[in-house]
Amino acid sequence: MAAKIVFGLSLAAATCQLILGFPASAINYGDHELRTQRPIAPKAPERPKGDGEVTADAVFSGVGTFAHLPYTQCWANQTADFDIAFIGAPFDTGTSYRPGARFGPAGIRDGSRRLNLYGGYNVPMDVNPFSDWAKIVDCGDIAVTPYDNTFAIDQIQNGHQELLHRKPASATSKFSRVITLGGDHTITLPLLRSIHSAYGPISVIHFDSHLDTWKPKVFGGAKSDVAAVNHGTYFWHASQEGLIKKGSSIHAGIRTTLSGPSDYENDGNAGFDIIEARDIDTIGTAGIIERIREVVGDNLVYLSIDIDVLDPAFAPATGTPETGGWSTRELRRIIRGLEGLKLVGADIVEVATPYDTNAQVTAIAAADIMYEVMSLMVKTPLPA
Ligand SMILES: *[C@@H]1O[C@H](CO)[C@@H](O)[C@H](O)[C@H]1NC(C)=O
Ligand SMILES: [Mn+2]
């Protein structure tokens with residue numbers, strides 16, 4: 001055993017010598033020798049800096065908040081305030097195909113590490129959302145049980161609602177703004193219930209390849225009351241509950257197969273207009289922006305983004321991928337085109353990081369999209 005260790009050490013020492021070019025014996029220096037030969041402290045000591053101080057140096061460090069934003073224990077500390085709060089809702093037991101979006105919040109945060117490496121200035125929007133008027137924090141995740149969907153949905157609503165109703169740190173608006181990292185799309189139901197508690201029925205801009213207004217009998221078969229609430233039916237429930245402002249809400253990026261043409265009729269009854277993914281071929285990003293703005297108008301609006309609105313080439317890590325989607329560049333352009341709309345809150349969902357490439361394609365796309373969204377919010381404060 002001892003001989004094995006000695007052999008291992010000398011092998012390591014020899015390797016060091018080979019690779020690094022310093023004497024193999026350096027590795028065996030005693031404590032005193034190490035200090036005299038290779039001083040630990042630099043000659044001109046610098047006060048140690050950490051995450052949030054020097055982003056260029058701290059890009060790999062920190063506990064992993066969204067874009068190194070300050071971590072704030074918003075639920076534990078009821079006096080903590082902010083203008084915009086990032087939260088996570090790690091829930092994925094409402095999915096119909098591939099689960100994994102419970103890892104979305106952590107994955108998106110990891111994909112956001114480099115967002116402000118060079119300072120964070122958004123060139124096309126001419127704003128640095130990190131250093132403008134808004135106090136932006138990351139509150140971490142709502143604790144969500146994976147054992148009981150009904151209970152989890154209430155947890156998500158309560159977690160969101162408590163922060164939404166908090167007085168903003170510097171904005172003159174009555175409510176704070178919360179950006180939620182999902183989670184499968186079911187979470188948008190409790191999020192809209194929370195939004196309703198503040199604003200009443202709201203316009204919704206919904207980026208997705210799927211309608212998500214399906215009746216429970218059509219999507220999942222409504223085997224039970226719990227099964228009836230899932231990531232394909234939550235907008236139907238939201239519409240039934242009066243959470244959505246009809247006639248001023250819109251889906252964009254739709255390209256799913258249907259149970260039949262009646263799905264579009266049902267969707268219209270739920271209150272939505274539709275832009276299909278293929279519309280981009282004829283009207284371009286400018287035409288899509290124009291149609292969204294036309295439908296939403298001057299209304300307060302909630303933005304919900306399913307990452308599967310992107311083509312799987314740009315976002316493979318999602319629960320129900322559909323080919324023929326938009327590119328990351330196109331979606332970011334369209335989102336920037338929403339500047340000036342009265343955005344009260346937003347979510348990004350269905351980022352199922354276990355299916356991501358080892359280059360984190362999906363996580364980075366999701367983080368970059370939310371960077372555009374936070375830029376929108378900073379550029380357009382809500383009215384008092
Ligand atoms: C709670 O938040 C307030 C406001 O940001 C802060 O001043 C205070 O130090 C926080 N308390 C704790 C225990 O973190
Ligand atoms: Mn979808």
Side-chain angles (χ1 to χ4, degrees), residues 52 63 65 69-86 91-92 94-101 104 134-140 162-163 166-171 176 180-189 191-192 204-214 218-220 229-238 249-259 263-264 267 270 272 274-277 303-312 314-326 331 346-352 355 362 365-366 369:
V63 292
T65 61
L69 288 168
Y71 172 54
T72 306
Q73 294 193 310
C74 306
W75 292 285
N77 181 358
Q78 302 199 349
T79 60
D81 62 356
F82 43 80
D83 295 296
I84 300 169
F86 280 84
F91 169 95
D92 68 6
T95 45
S96 54
Y97 192 55
R98 302 199 297 208
K135 180 176 176 185
I136 311 181
V137 303
D138 189 331
C139 302
E162 189 173 317
L163 304 192
R166 211 162 282 186
K167 191 179 175 305
S170 44
S176 291
T180 308
L181 313 173
D184 79 49
H185 223 147
T186 313
I187 70 165
T188 300
L189 179 59
L191 298 180
L192 284 175
V204 175
I205 300 172
H206 171 222
F207 289 102
D208 203 319
S209 62
H210 309 97
L211 297 167
D212 296 359
T213 50
W214 283 286
V218 177
F219 196 97
V229 180
N230 61 57
H231 79 159
T233 63
Y234 64 92
F235 268 146
W236 181 82
H237 291 281
S249 296
I250 188 162
H251 310 292
I254 301 296
R255 59 188 185 278
T256 177
T257 56
L258 303 175
S259 76
D263 286 358
Y264 270 16
D267 188 74
F272 283 93
I274 297 175
I275 297 169
E276 296 195 38
L303 175 62
S304 184
I305 305 169
D306 185 330
I307 196 72
D308 75 25
V309 69
L310 295 178
D311 191 274
F314 300 91
T318 193
T320 49
E322 306 282 355
T323 60
W326 294 338
L331 181 62
D347 63 53
I348 182 142
V349 297
E350 300 286 351
V351 177
Y355 307 100
T362 318
I369 288 163

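What you see is a predicted model, and the numbers here were worked out from it, not measured in a lab. Atoms within each ligand, like the ligands themselves, are counted from 1 in listed order.
Ligand-side atoms of ligand 1 in range of T79: 1 (C), 2 (O), 3 (C), 4 (C), range being under 4.0 angstrom from any heavy atom.
Checking atom 7 (O) of ligand 1 against the protein gives no heavy-atom contact under 4.0 Å.
Among the backbone and side-chain atoms of E350, none of the N, O or S atoms lies under 2.8 Å from the Mn ion (ligand 2). The Mn ion (ligand 2) lies under 2.8 Å from an N, O or S atom belonging to D306.
The Mn ion (ligand 2) lies closest to atom OD1 when only the N/O/S atoms of D208 are considered. Taking the Mn ion (ligand 2) as reference, D308 places its N/O/S atom OD2 nearest. Nearest N/O/S atom of H210 relative to the Mn ion (ligand 2): this is ND1.
Ranked by closest heavy atom to atom 5 (O) of ligand 1, the top entry among A80, P70, A76 is A80.
A salt bridge does not link K167 to D81: none of the charged nitrogens lies less than 4.0 Å from a carboxylate oxygen.
A side-chain N or O of S209 and one of D308 form a donor-acceptor pair less than 3.5 Å apart. With hydrogens and angles left out, the side-chain atoms of S170 and D83 include a donor and acceptor closer than 3.5 Å. Between the side chains of D347 and T188, a donor-acceptor pair is found at a separation under 3.5 Å. Counting only N and O atoms by type, the side chains of S304 and H185 include a donor and acceptor under 3.5 Å apart. The closest side-chain donor-acceptor pair between H231 and S96 falls under 3.5 angstrom.
Below 3.5 Å of separation, one finds an N or O of N77 facing an N or O of ligand 1.
When side chains are defined from C-beta on, F235 does not count as touching D267, because their heavy atoms never get closer than 4.5 Å.
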